[in-house]
Undergrad: 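My questions all concern the structure below.
As the structure lists them, so they are numbered: ligands from 1, and atoms in each ligand from 1. It should be emphasised that the depicted structure is a prediction, and the values quoted were computed from it without experimental measurement.
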Amino acid sequence: MTRTLRIGDQVVLDRERLAGLFEAIRKLGYVVHGPILSDGAIVLGPIESDRDLPIGWRDRQDAGTYRLERREDDAVFGYAVGPHSWKRLLFPPKRSLWRAEREGARFHLLPIVEDTPKLALFGVRPCEMAAIRVQDRVLANGQYQDSNYASRRRQAFVVVADCHEPGGGCFCASLGTGPTEQGEGWDLAMTEILQGRHRFLVRAGSSKGLDVLRALPWTETSPADLQAAERQRQRALRRMGRRMNPEGAKELLYQAASDNHWDEIAQRCLMCGNCTMACPTCFCVTVVDRTSLDGSQTERERVWDSCFSLEFSYIHGGSVRFSPYARYRHWMTHKLASWQDQFGTMGCVGCGRCIVWCPVGIDITEELETFRSRVGGNREAVR
Ligand code: SF4
Ligand code: SF4
């Protein structure tokens, strides 16, 4: 007789049972999204079964570069993170706020059907789970709640996958957000073990996760399983591409507000906003109105925006962050300093996306260290 599983118990699921996990999740009415191969990258998309996963692929990443390569094994989670983050599912890039239609000389509002699918997020990395917790604070539990985010998040079933293949841009270990899951807010957490028999260590973090896990043909973990998982964790820690020292980052960046190094970064920065689009915690939005050419219909949409766009800081009379240095300074200072004042946490989880997907390879870890080395030294005031 098998024992009754409890939340937190770690058990083994053989690789060939992974299809059963998808079935069990889908049976509960979830639409599963996870990592897939598309256009030369590992992105997020709907998945039907384990066959849709990027099996046997790894990503090579560094500042401004990203390449996929074949692995020499059939690892399911043998990559770091791709350009997409889960915010595109919990906080979609575009959302309709209202629509109206002309009727003679008047307009009437059309109903908006709020799209809040029951999503299963499969293969969430620990750093990404930390980012979801950051967005929860801002969008679900903060002063100004986003009802659509809160509803999507409440319904979501989250499967975390510990990271054993960090990329060149990754620095989660130095921020305590990875490479293994240590926090809350997920339903199942998996550790893939490639050594010996291909298998996963799985544990439930919620009653929903426990129901799914109990329905699967799990077996008990052995000391060898736990040792193999720990060896992988140590290897991942050694292979972490970068590190960030968060110590005193807030005070440091506030002190550096007038440092002329902001101007040096701004000379390289293209103001493209890639870093903010790829970042799993950035949440800036704007609203746009669209009207049909014949003027019969109009719609107001909320769309992702970026603090790098000139229009984002436009108030009556002009933009308050007109210069590139002011926009980069705002982004980095918000991420690492003022976010702490607002939300009690940093806005960075160390996923490395802003470094990898920056076309000119600007590195937030390197820039922070540059400011650290300059504080107290030569800091000529800029405009
Ligand atoms: S600031 Fe960069 S490294 Fe930090 S969470 Fe955002 S994208 Fe990831
Ligand atoms: S830091 Fe890089 S990704 Fe971000 S706006 Fe500047 S050039 Fe674009």
Undergrad: For atom 6 (Fe) of ligand 2, what is the nearest protein heavy atom, given as residue, atom name and distance?
TA: Cys269 SG, 2.3 Å
Undergrad: In the protein, what heavy atom is nearest to atom 3 (S) of ligand 1, and what distance, to one decimal place, separates them?
TA: Gly352 N, 3.2 Å
Undergrad: Give the atoms of ligand 1, by number and element, whose distance to some non-hydrogen atom of Phe171 is under 4.0 Å.
TA: 3 (S)
Undergrad: Which is closest to atom 7 (S) of ligand 2 by heavy-atom distance: Asp363, Leu270, Asn274?
TA: Leu270
Undergrad: Distance under 4.0 Å to a non-hydrogen atom of Cys351: what atoms of ligand 1 satisfy this?
TA: 3 (S), 5 (S), 7 (S), 8 (Fe)
Undergrad: Does a salt bridge link Arg243 with Glu369, judged by any charged N lying under 4.0 Å from a carboxylate O?
TA: no
Undergrad: One thing to verify: whether Asp294 and Arg102 come together as a salt bridge, which I'm taking to mean a side-chain N less than 4.0 angstrom from a carboxylate O.
TA: no
Undergrad: Under 4.0 Å from a heavy atom of Cys279: give me the atoms of ligand 1 that qualify, with their elements.
TA: 5 (S), 6 (Fe), 7 (S)
Undergrad: Test the Arg125-Tyr79 pair against the cation-pi criterion, namely NZ or CZ under 6.0 angstrom from the six-membered ring centroid and within 45° of the ring axis.
TA: yes
Undergrad: What atoms in ligand 1 come closer than 4.0 Å to a heavy atom of Val349?
TA: 4 (Fe), 5 (S)
Undergrad: Tell me which protein heavy atom sits closest to atom 8 (Fe) of ligand 2, plus the residue, atom name and distance to 0.1 Å.
TA: Cys272 SG, 2.3 Å
Undergrad: Is Cys354 close enough that one of its N/O/S atoms sits under 2.8 Å from atom 4 (Fe) of ligand 1?
TA: no
Undergrad: Out of Cys275, Cys358, Ala63, whose heavy atom sits nearest atom 4 (Fe) of ligand 2?
TA: Cys275
Undergrad: Is any NZ, NE, NH1 or NH2 atom of the basic residue among Arg133 and Glu181 found under 4.0 Å from an Asp or Glu carboxylate oxygen of the other?
TA: yes
Undergrad: Can you name the atoms of ligand 2, numbered from 1 with element, that are less than 4.0 Å from a heavy atom of Phe308?
TA: 5 (S)
Undergrad: Can you tell me which residue and heavy atom of the protein come closest to atom 5 (S) of ligand 2, and the distance to 0.1 Å?
TA: Gly273 N, 3.2 Å
Undergrad: Considering only NZ, NE, NH1 and NH2 on the basic side and carboxylate oxygens on the acidic side, decide whether Arg15 and Asp74 come within less than 4.0 Å.
TA: no
Undergrad: For atom 1 (S) of ligand 1, grab the closest protein heavy atom and report residue, atom and distance to one decimal in Å.
TA: Lys335 CD, 3.5 Å
Undergrad: So which bit of Met271 gets within less than 4.0 Å of ligand 2, heavy atoms only: side chain, backbone, both or neither?
TA: backbone
Undergrad: Got a second to check how far Arg203's CZ is from Ile7's CD1, nearest 0.5 Å?
TA: 12.5 Å
Undergrad: Any carboxylate oxygen within less than 4.0 angstrom of a Lys/Arg side-chain nitrogen, looking at Arg233 and Asp162?
TA: no
Undergrad: Can you spot which of Leu139, Thr281, Thr177 makes a side-chain contact (heavy atoms from CB on, under 4.5 Å) with Val134?
TA: Thr281
Undergrad: How many angstroms lie between CG in Asn148 and CZ in Phe91, if you round to the nearest 0.5 Å?
TA: 9.0 Å
